[in-house]
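Only one structure is covered here, and it is reproduced in the block below.
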Amino acid sequence: MAKPTRMAGGVLGGLVAGTIFKHVWKLASGKPEPPEADSTKYGWGEVLVAAAIQGAIFGLVRAAIERAAARDE
């Protein structure tokens, strides 16, 4: 895949993953916004669970985009 295409896919994937994460977090926690890691309003557990969910979603979206763009060489 060409570099500009990869970059566009990465940006689009980030936007899609961010949107999915916010929806998943809202459904899972009942809270409208995910916790910020540097906010003292949230405990360690909530911040780390949010980060784990976010990382899994971003990884899944990235793999899906790369797989969809893959070509046999």
Side-chain angles (χ1 to χ4, degrees):
M1 181 173 10
K3 189 173 184 176
T5 305
R6 270 197 315 264
M7 288 175 55
V11 170
L12 180 61
L15 293 172
V16 169
T19 300
I20 292 170
F21 170 63
K22 286 183 179 181
H23 285 293
V24 168
W25 182 258
K26 189 174 182 178
L27 287 172
S29 71
K31 296 179 182 178
E33 294 293 323
E36 295 289 332
D38 61 351
S39 175
T40 57
K41 296 189 302 185
Y42 305 100
W44 277 88
E46 192 171 20
V47 169
L48 296 179
V49 167
I53 293 169
Q54 185 178 33
I57 291 170
F58 273 79
L60 180 97
V61 169
R62 179 178 175 197
I65 289 171
E66 288 180 7
R67 181 65 187 131
R71 298 184 189 148
D72 291 332
E73 294 182 24

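Reckoned from all heavy atoms, side chains included, excluding hydrogens, waters and symmetry mates.
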Is it the case that one hydrophobic cluster holds both [X] and [Y], taking links as side-chain heavy atoms less than 4.5 Å apart, direct or via other members?
X   : Y   : result
Y42 : V49 : no
V16 : I57 : yes
L12 : I20 : yes
L48 : F21 : no

Determine whether P32 and W25 make a side-chain contact, defined as any pair of heavy atoms from C-beta on separated by less than 4.5 Å.
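A side-chain contact is absent here, since even the closest heavy-atom pair is not under 4.5 Å.
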
Checking salt bridge (Lys or Arg N to Asp or Glu O under 4.0 Å) for the pair K41/E46: CA distance, chi angles, key distance, verdict?
CA-CA 10 Å; K41 296 189 302 185; E46 192 171 20; over 6 Å; no

For T19, side-chain hydrogen bond (donor to acceptor under 3.5 Å, both in side chains) partners two or more places apart
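side-chain hydrogen bond (donor to acceptor under 3.5 Å, both in side chains) check on T19 returns nothing, list empty.
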
Just verifying a value: how many Å separate K22 NZ and E33 CD, rounded to the nearest 0.5 Å?
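Taking NZ in K22 and CD in E33, the distance rounds to 5.5 Å.
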
